[in-house]
Amino acid sequence: MERFNINNVIEQYGLNTEELAKVLFPSVKFPKLALDRVLKGEGSLDVIQLEKLADYIGVLVSDLFSIDTWKSSTEDRCLVLQKGNYKVKLNYKGVYISVYKDNELILQSVSNTLSMTIQEFVDFLDTIIKEHENGSN
């Protein structure tokens with residue numbers, strides 16, 4: 001597990017720091033200043049604040065420590081995998097894939113995912129993202 005980096009979490013989930021400060025520091029007179037101290041490395045979050053952060057984003061606390069790994073959930077009767085600002089929806093028949101970046105559809109595809117191992121599928125998704133980031137898609 002990698003070291004917790006709140007700056008990465010804020011960037012990857014596109015969080016508003018003003019709102020986040022109020023969530024993490026509800027009883028502090030100047031919550032934004034308190035959060036700014038944490039962002040600069042002059043302060044840290046406790047376990048309760050990490051739980052509030054995870055709840056606010058809608059993820060598990062462990063997900064906060066592994067931004068660069070795929071996380072799964074369900075949505076619209078589809079398997080959903082998320083990694084940073086990318087989201088992939090796979091229908092349960094395992095052939096129709098929709099890929100989103102920042103909630104914008106960037107790819108829809110019919111693929112033979114049924115014959116792939118989980119690692120092959122994750123590698124396939126990472127390739128799609130890499131190609132998109134490099135402008136090849």
Side-chain angles (χ1 to χ4, degrees):
M1 194 178 296
E2 68 185 59
R3 183 180 161 100
F4 179 68
N5 184 328
I6 191 168
N7 290 302
N8 286 347
V9 171
I10 290 169
E11 179 183 335
Q12 290 298 321
Y13 290 98
L15 302 177
N16 177 300
T17 54
E18 294 285 336
E19 292 175 16
L20 181 60
K22 293 174 186 173
V23 169
L24 298 178
F25 301 97
S27 60
V28 174
K29 187 173 183 177
F30 300 106
K32 181 66 169 85
L33 291 176
L35 179 59
D36 287 345
R37 288 188 64 239
V38 173
L39 296 175
K40 293 176 187 173
E42 298 170 356
S44 60
L45 300 178
D46 62 25
V47 173
I48 294 170
Q49 289 167 313
L50 287 175
E51 289 172 348
K52 286 180 181 180
L53 175 59
D55 187 52
Y56 177 70
I57 297 170
V59 300
L60 300 172
V61 172
S62 60
D63 292 342
L64 298 174
F65 292 85
S66 57
I67 293 293
D68 294 329
T69 60
W70 288 100
K71 293 146 191 70
S72 65
S73 62
T74 59
E75 179 182 303
D76 302 329
R77 298 177 56 165
C78 294
L79 173 65
V80 175
L81 298 169
Q82 289 188 266
K83 179 179 181 182
N85 53 352
Y86 283 91
K87 176 168 92 172
V88 176
K89 290 174 89 172
L90 175 68
N91 71 355
Y92 284 117
K93 302 259 188 245
V95 295
Y96 192 73
I97 298 170
S98 300
V99 181
Y100 301 84
K101 180 179 181 187
D102 297 324
N103 294 320
E104 180 182 327
L105 183 65
I106 61 168
L107 174 74
Q108 285 187 316
S109 167
V110 175
S111 298
N112 186 15
T113 59
L114 295 174
S115 65
M116 293 182 188
T117 66
I118 291 173
Q119 187 59 53
E120 289 170 337
F121 183 64
V122 168
D123 292 344
F124 172 72
L125 296 178
D126 287 336
T127 300
I128 289 171
I129 288 174
K130 187 176 184 179
E131 288 174 356
H132 179 75
E133 293 291 321
N134 292 332
S136 303
N137 200 3

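These values consider heavy atoms only, across backbone and side chains, with no hydrogens, waters or symmetry-generated copies.
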(message) Measuring from atom CG of Leu90 to atom CZ of Phe121, what distance do you get when rounded to the nearest 0.5 angstrom?
(response) 4.5 Å
(message) Please report the interatomic distance CG(Leu20) to CD1(Ile57), rounded to the nearest 0.5 Å.
(response) 7.5 Å
(message) Applying salt bridge (Lys or Arg N to Asp or Glu O under 4.0 Å), can you list everything that pairs with Lys89, at least two apart in sequence or on another chain?
(response) Glu75, Asp76
(message) As an exercise, state the distance from CG of Asn85 to CD1 of Ile129, rounded to the nearest 0.5 Å.
(response) 8.0 Å
(message) Side-chain heavy atoms under 4.5 Å apart, restricted to Ile/Leu/Val/Met/Phe/Trp/Tyr: what other residues fall into the cluster of Phe30, or is it alone?
(response) Leu33
(request) Name all residues meeting the side-chain hydrogen bond (donor to acceptor under 3.5 Å, both in side chains) criterion together with Asn7; count only those two or more places apart in sequence or in a different chain, and write none if there are none. (result) none
(message) Taking salt bridge (Lys or Arg N to Asp or Glu O under 4.0 Å) as the cut-off, I'd like each qualifying pair that reaches into residues 5-28, sequence neighbours left out, listed once.
(response) none
(request) Could you tell me the separation between the OH atom of Tyr56 and the OH atom of Tyr13, rounded to the nearest 0.5 Å? (result) 13.5 Å
(message) Applying side-chain contact (heavy atoms from CB on, under 4.5 Å), can you list everything that pairs with Leu105, at least two apart in sequence or on another chain?
(response) Ser98, Tyr100, Gln108
With a cut-off of 3.5 Å and sequence neighbours excluded, list every side-chain donor-acceptor pair involving residues 34-50.
residue, atom, partner, partner atom, Å
Asp36, OD1, Lys32, NZ, 2.6
Arg37, NH2, Glu42, O, 3.0
Asp46, OD1, Ile48, N, 3.1
Asp46, OD1, Gln49, N, 2.8
Gln49, OE1, Asp46, N, 2.8
Gln49, NE2, Leu24, O, 3.0

(message) Rounded at 0.5 Å granularity, tell me how far OG in Ser111 sits from CG in Leu125.
(response) 9.0 Å
(message) For the CG atom of Leu64 and the CG atom of Asn8, what is their distance to the nearest 0.5 Å?
(response) 11.5 Å
(request) Taking salt bridge (Lys or Arg N to Asp or Glu O under 4.0 Å) as the test, write out the residues that go with Asp126, two or more places apart. (result) Lys83
(request) State, yes or no, whether a side-chain contact exists between Leu107 and Ile97 at a heavy-atom distance under 4.5 Å. (result) no
(request) Keeping to residues at least two apart or across chains, list the salt bridge (Lys or Arg N to Asp or Glu O under 4.0 Å) pairs with something in residues 97-117. (result) Lys101-Glu133
(request) Name all residues meeting the side-chain contact (heavy atoms from CB on, under 4.5 Å) criterion together with Ser27; count only those two or more places apart in sequence or in a different chain, and write none if there are none. (result) none
(request) With sequence neighbours left out, write down each residue that passes side-chain hydrogen bond (donor to acceptor under 3.5 Å, both in side chains) with Thr127, or none if nothing qualifies. (result) none
